[in-house]
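Structure, as structure tokens:
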Amino acid sequence: MERFTGSFTQQEPIPEEGIEAALAVLRHGRLHRYNVAAGEVGEVALLEQEFAAAMGSRYALAVASGGHAMATALRAVGVKPGDAVLSNAFTLAPVPGAIASMGAVPVYVGVTEALTIDLDDLAAKVDRARVLLLSHMRGHICDMDRLMAICDAAGVVVIEDCAHTMGATWNGVMSGRHGLIGCYSTQTYKHMNSGEGGFLISDDDEVMARAVILSGSYMLYGRHLAAPGPEVFERVKYVTPNVSGRMDNLRAAILRPQLRRLTEQCAAWTERYQLVEEGLRGTPGLTVIDRPGAEVYVGSSIQFLLLDWTERAIGEVLSRCAARGVELKWFGGAEPTAFTSRYDSWRYAPVERMPATDRILRGIMDMRLPLTFSLEDCALLARIIRAEVAAVQQGMAAE
Ligand SMILES: *Cc1c(COP(=O)(O)O)cnc(C)c1O
């Protein structure tokens, strides 16, 4: 019986160029982003300029984490304690966490079988809030044209959580460029790896000036290369708090070479994703997530559904796959484990039950596809999952 022996948590090493640049920063010792020698431009400022260019935005700001980027974005658009903020029922804990961090209250919108936000549910709830923190969870992008039409008509500001869509597009527009602000993470499991880190991008002058001050720029914002001019800061600098959460030059040095090869990396992920998807397609009882033609996605992880399976049968698939070295995550598990959780796990916020969403969440299986996996590895992973899902299904049918 075939067994997989790769590690689902092993990313690629940092490119040599990044290691060299990091050593240079360590050697000169100027790690704080505003600690620069006369005439020097720091790694963080350069990274921001390059990230803005790569995403096609006017401005970019690098921060300490993806979660900090989202919280900064919410503050920059004026979310206040007690405000309702729309967000996805299917997302990762730091998303409602960013909302809760400012004393605001998440209002969850359901998920469809495509694993994207339920736009009918959004249309029904859009009047309840001024802001939508939209999570492109696991890289699945909804019909962004319809989403923006719904939100624009209601005057709702859209902030995009692009933790899994850095490098992806919808209808030719980069993820993060539909809403007012795009937020990204450079945590180890995302599309660029600096251990921890994040970005936010925007074209809006005042939003970005506020974000820069919020990130902890003191009155050193003039050292940014991808921020608005001083006249904009004059309007916000006395009334915007410093909520320290900067990126440092060491992490920026590691990220700059990774950004230069982001497009190739994204293609490598998607090649792996498509191999696994092909291998799973047609497995009885297993629903593959069909991706819309308007979406160019980054397949850094893959999801499939075991819709309407019992908990016991899903548990059996998980344990049989695990026994063969295949680590699946079950987002629908009742108890949050490791990185998984669902909207009713976040008990600090009120929830309204969403039966259609619960049915989808109960069936979501997830597998990471780090780039240390070869194409042969991916084909093997699909064969194992296919065999074990089929075995459990036959067992169920025989009962
Ligand atoms: C990882 C992640 C984040 C937050 O990123 P951190 O850098 O870990 O704070 C936000 N949203 C989603 C969907 C994520 O997966």
Side-chain angles (χ1 to χ4, degrees), residues 8-9 11 44 47 51 60-75 85-102 104 106 108-109 111 115-117 131-142 158-168 175-176 179 181-201 211 214-215 243-248 251-252 254-255 258-259 266 269 289 297-303 329-331 336-343 345-346 361 364 366-370:
F8 287 82
T9 52
Q11 306 297 330
V44 180
L47 173 66
F51 193 72
L61 171 70
V63 292
S65 73
H68 198 84
M70 292 186 288
T72 302
L74 292 168
R75 285 197 176 90
V85 175
L86 294 156
S87 195
N88 306 58
F90 173 47
T91 186
L92 210 71
V95 177
I99 297 169
S101 78
M102 65 211 49
Y108 299 114
V109 183
V111 65
L115 302 191
T116 55
I117 193 165
V131 176
L132 165 65
L133 179 53
L134 171 69
S135 187
H136 303 295
M137 177 62 170
R138 284 325 212 198
H140 297 272
I141 304 178
C142 72
V158 177
I159 298 169
E160 295 179 65
D161 163 23
C162 307
H164 303 145
T165 55
M166 185 191 283
S175 180
I181 305 176
C183 300
Y184 305 80
S185 167
T186 60
Q187 185 237 80
T188 294
Y189 299 111
K190 311 301 163 87
H191 299 174
M192 299 198 290
N193 173 13
S194 59
E196 302 289 352
F199 289 103
L200 59 104
I201 61 167
L214 284 162
S215 77
V243 188
S244 219
R246 293 172 300 273
M247 180 173 280
D248 56 83
R251 285 187 274 175
I254 292 171
L255 289 170
Q258 294 182 54
L259 179 58
C266 290
W269 263 304
I289 313 296
Y297 57 91
V298 182
S300 50
S301 66
I302 189 163
Q303 294 69 42
K329 288 191 280 181
W330 182 26
F331 271 92
T337 50
F339 290 98
T340 75
S341 50
R342 53 185 212 203
Y343 69 98
S345 308
W346 307 315
L361 287 176
I364 299 179
D366 177 275
M367 182 171 72
R368 278 198 185 121
L369 292 172

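Just so it is clear, the model here is predicted, and its values are computed rather than measured. Remember, it's 1-based here, ligands and their atoms both numbered in the order they're listed.
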Counting each atom of ligand 1 from 1 as listed, which ones have a heavy atom of Ser185 under 4.0 Å away?
->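 Taking each heavy atom of Ser185 in turn, ligand 1 has 5 (O), 6 (P), 7 (O) under 4.0 Å.
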If you count the atoms of ligand 1 from 1 in the order shown, which ones are under 4.0 Å from a heavy atom of Met70?
->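 Result: 10 (C).
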Nearest protein heavy atom with distance in Å, relative to [atom]:
{"atom": "atom 4 (C) of ligand 1", "result": "Pro94 CG, 3.7 Å"}
{"atom": "atom 9 (O) of ligand 1", "result": "Gly67 N, 2.8 Å"}
{"atom": "atom 15 (O) of ligand 1", "result": "His164 NE2, 2.7 Å"}
{"atom": "atom 8 (O) of ligand 1", "result": "Gln187 NE2, 2.9 Å"}

Flag His68 as yes when one of its N or O atoms lies below 3.5 Å from any N or O atom of ligand 1, and as no otherwise.
->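 No, there is no polar N/O contact under 3.5 Å.
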Look only at interatomic distance and state if Lys190 has a nitrogen or oxygen under 3.5 Å from any nitrogen or oxygen of ligand 1.
->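 N/O-N/O distance below 3.5 Å exists for this pair.
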What do you reckon, does Arg138 put a non-hydrogen atom under 4.0 Å from ligand 1?
->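 Contact absent.
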Are Ser135 and ligand 1 in contact, using a heavy-atom cut-off of under 4.0 Å?
->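 For ligand 1, residue contact (heavy atoms, under 4.0 Å) with Ser135 is present.
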Which atom pair, heavy atoms only, marks the closest approach of [X] to [Y]?
{"X": "Met70", "Y": "Ala98", "value": "CB-CB, 3.8 Å"}
{"X": "Leu92", "Y": "Trp346", "value": "C-CZ2, 4.1 Å"}
{"X": "Met102", "Y": "Ala71", "value": "CE-O, 3.5 Å"}
{"X": "Leu200", "Y": "Ala69", "value": "CD2-O, 3.3 Å"}

Between Glu160 (side chain) and Ser175 (backbone), is there a donor-acceptor pair under 3.5 Å?
->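 Not confirmed, Glu160 side chain does not pair with Ser175 backbone.
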Using a heavy-atom cut-off of under 4.0 Å, does the side chain or the backbone of Val95 touch ligand 1, or both, or neither?
->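 The part of Val95 near ligand 1 is the side chain, not the backbone.
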Which of parallel (below 30°), tilted (30 to 60°) and perpendicular (above 60°) describes Tyr189 and Phe339?
->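 Taking Phe339 first and then Tyr189, their aromatic rings stand perpendicular (interplane angle over 60°).
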By side-chain contact (heavy atoms from CB on, under 4.5 Å) - contacts of Ser87 (at least two apart) =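 Partners of Ser87 under the side-chain contact (heavy atoms from CB on, under 4.5 Å) test: Val95, Ile99, Leu133.
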With respect to atom 11 (N) of ligand 1, which of Thr165, Leu92, Asp161 exhibits the smallest heavy-atom separation?
->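 Closest candidate by heavy-atom distance is Asp161.
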Judged by modelled atom types alone, do His191 and Ser300 share a side-chain donor-acceptor pair under 3.5 Å?
->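 Present: a donor and an acceptor within the cut-off.
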